[in-house]
Amino acid sequence: MEISFHNNMFSLLLLLLPSLSFSPSAWAACNAVDKEALLGFKRTITADPSRLLQSWISSTDCCTSWKGVACNSVGRVANVTRSGLVSDDDDLLDTFMNGTLSPSLGNLSYLQLLDLSNLKNLNGPIPPEFGKLRRLTHLFLNSNQLTGSIPATFKHLSRLERLFLNNNHISGIIPFSVIGSLTALTELGLSENQLRGSIPATIGKLVLLTKLDLHANNLSGSLPTTIGKLKSLKYLDLSQNTIKGSIPKSIGGLSALVLLDLNQNQITGSIPSSISGLISLQFCRISENKLTGNLPPSIGHLPSIQRLILENNKLTGKLPATMGHLVTLTELFLSNNRITSKIPSSFSNLQNLQTLDLSRNHLSGELPTELAKLQNLQTLDLSFNPLGLVSIPKWFAKLKLFRLMLAKTGIRGSLPRWLSSTSISTLDLSDNALTGKLPPWIGNMTSLSLLNLSNNGLHSSIPAEFKNLRRLMDLDLHSNKFSGNLDTIFSKGTDDPIGHYNSIDLSDNMFAGPINDSVLQSSAMDSITSLVLSYNLLKGSIPKSIRKLSELRILKVVSNGLSGKIPVELGDAMGLTTILLSRNNLMGSIPGKVINLNELKEFDVSHNQLRGEIPPHKAIIPVSSFIGNPGLCGAPLPPCE
């Protein structure tokens, strides 16, 4: 599961916030020290394509004539706003500047707001002279290329309320003395940098903090227990670091917390029972860690929770029946843990649940029929659990699912006909013991975009009704006993702009050929990226029309009895990274245009009847990719005589 919760348009939001108001100077002209400080910054800018600083001219008044500058009533500069995201009436200008931060900006002794965010190319260190800006309340330097460390002089910025240095290349530790001194801070953003070391325990002094975002750094150490003192905290994102240790019990004191993201760390231990104290929590993600132990029953006492994501850990034990109290829950992800026993019938109380992913655990036992009450459920994934279903429960037909994944859950026999009257778009029944034919009613599942029936015992040819799957984009039927030709699959209809294949895997079946040259030119095939046909009975030659598959990245046609030459036209599929044609009866030489495709990473034509010199090529291809062709010579094989 891929979820992104980080707002890359932070600077846009700044534009929409009520601005700090400073009146143009009606009583005093711009102070000479302030003017020179700003001109000093302008001199360090080497590129300003949108002319953000064009109006900054020494002969004019910086308080009344310079864009992005506002002064107080005595002519002292109080606000400098030259962001790379510029709101101009109804338009939004996205621009940049090249250059560095001038130390002279530290001379703006009355400055309250400095916004040089989203200029993309401001580089170099943050000058320690910025520590002289004792009146500063807002500092936005995010989304640039700044380097160096956080200046120790920042400890003097005692009035600072909002500090955003995120999305730069700032390194070093987070200074303990700085963090402990910024007691007026309400928002701190240091994410997407290269910060290391531990989170300072002095963070507990920032009792006014509502937002703390340190994600995507190299932070280590454990979570400080003092974090529980941040009673005003609403947003805590420490994801994508290497934080170790356990979650402190004190975290239960964060009663105002709405978002908690600890994803992709190395946190160990169990989830503390104090988690029930997070009464405002709506989003909780502690996935991709090393959590162990049982889920505490107190996890069922989160009255506001909407999204609970604990996948990819080592959690054990039963699912607490108390989780049935989470009536606000819309998404629950617990996949890839070691959870055992049955799904509690109390889960039927989760009337707002839209996604339930319990895949890759050790769940067993009968599925409670009460789950049919989950009428808002759209995605259900119980794959890779030893459920021993035998058949898909008939009450599943009462659900209004869009995505149903039941891979390796012990299903046997034929596909149930009730599937034909559903609106399912993703159906994964792979790695089961399904038998029988692919029924003609499969053509009634017109909402299908992904169908995975691989690793079963299905047989027969593909029914003509398959062409009705006009929205199908990903098809995996590998490792079955399907037969017949491929025309029905390749020439199915589309429902523009969807229904064009992304991937097809038909390997390990009994499909027969040859591949029809014209069907590869059908609209369904025009954007395919992966085509896997290995271990079938295709025979014939590789169609020249394969050149039309301009998006193709992966082509695997191993062991099919193919004959003829490798078409030079294959080299027109410029994006190919993988070409596997081994164990066929291909003849002739290897086209230089094919083996020299720019993106080629994997190439195997071993065990064919190819002859001639292997063309010089840039890709590193092992000897094993050419063996079994007695007529081939040249590097990496022995030289030609």
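Annotation for Leu262 and Ile286: closest pair CB-CG2, 4.0 Å, computed over non-hydrogen atoms. Pairing each heavy atom of Asn217 with each of Glu192, the nearest pair is ND2-N, 3.9 Å. The shortest heavy-atom contact between Pro296 and Ser273 is CB-CA, 4.1 Å. Pro320 approaches Leu295 most closely through the heavy-atom pair CG-O, 3.4 Å. Taking each heavy atom of Trp441 and Ser420 in turn, the nearest pair found is CE3-CB, 3.4 Å.
Using a distance-only test at 3.5 Å, with no hydrogens or angles considered, no donor-acceptor pair links the side chain of Thr426 to the main chain of Leu450. Judged by distance alone, with hydrogens and angles left aside, the side-chain atoms of Asn608 form a donor-acceptor pair with the main-chain N or O of Leu581 at under 3.5 Å. For the pair Asp357 (side chain) and Leu380 (backbone), a donor-acceptor distance under 3.5 Å is absent. Formation of a donor-acceptor pair under 3.5 Å by the Asn456 side chain with backbone atoms of Leu458 is not found in this model. In this structure, Asn502 contributes its side chain and Ile528 its backbone to no donor-acceptor pair below 3.5 Å. Checking side-chain atoms of Asn337 against main-chain N and O of Ile339 turns up no donor-acceptor pair under 3.5 Å. Although no hydrogens or angles enter the test, the distance criterion places no donor-acceptor pair under 3.5 Å between the side chain of Asp505 and the main chain of Asp476. In this structure, Asp604 contributes its side chain and Ser582 its backbone to no donor-acceptor pair below 3.5 Å.
The NZ atom of Lys400 sits 11.0 Å away from atom CD of Gln378, with the distance rounded to the nearest 0.5 Å. For the atom pair OG (Ser359) and CG (Asp428), the distance works out to 10.0 Å, reported to the nearest 0.5 Å. Lys437 NZ to Ser460 OG: the interatomic distance, rounded to the nearest 0.5 Å, is 6.5 Å. Put simply, NZ on Lys556 and CD1 on Ile554 are 6.0 Å apart, with the number rounded to the nearest 0.5 Å. Once rounded to the nearest 0.5 Å, the distance linking OG of Ser304 with CG of Leu326 reads 10.5 Å. To the nearest 0.5 Å, the span separating CG on Leu358 from CD on Glu311 amounts to 11.0 Å.
A cation-pi contact, defined as under 6.0 Å to the ring centre and within 45° of the axis, is absent between Arg307 and Phe283. For the pair Lys492 and Tyr501, the cation sits on the ring face: its NZ or CZ lies under 6.0 Å from the ring centre, inside 45° of the axis.
No side-chain donor from either of Thr446 and Asn468 sits under 3.5 Å from a side-chain acceptor of the other. Between Asn263 and Ser287, the side chains place a donor N or O and an acceptor N or O closer than 3.5 Å (distance only, hydrogens not considered). Asn312 and Asn336 form a side-chain donor-acceptor contact under 3.5 Å, judged by distance and modelled atom types alone. Residues Asn455 and Ser430 have side chains that never bring a donor and an acceptor to within less than 3.5 angstrom of each other. The closest side-chain donor-acceptor pair between Asn480 and His478, if any, does not fall under 3.5 angstrom.
Counted within 6.0 Å of CD on Gln266, heavy atoms from surrounding residues, nucleotides or ligands total more than 12; the atom is thus considered enclosed. At most 12 non-hydrogen atoms from other residues, nucleotides or ligands lie less than 6.0 angstrom from NZ of Lys398. No more than 12 heavy atoms of other residues, nucleotides or ligands sit less than 6.0 Å from atom NZ of Lys481.
Checked against salt bridge (charged side-chain N to carboxylate O under 4.0 Å, His left out), Arg471 has the following partners two or more places apart in sequence or in another chain: Asp495.
Salt bridge annotation for Lys408-Asp431: absent, with no cationic side-chain nitrogen under 4.0 angstrom from a carboxylate oxygen.
Using cut-offs of 30° and 60° for the angle between ring planes, the Phe482 and Phe511 rings count as parallel.
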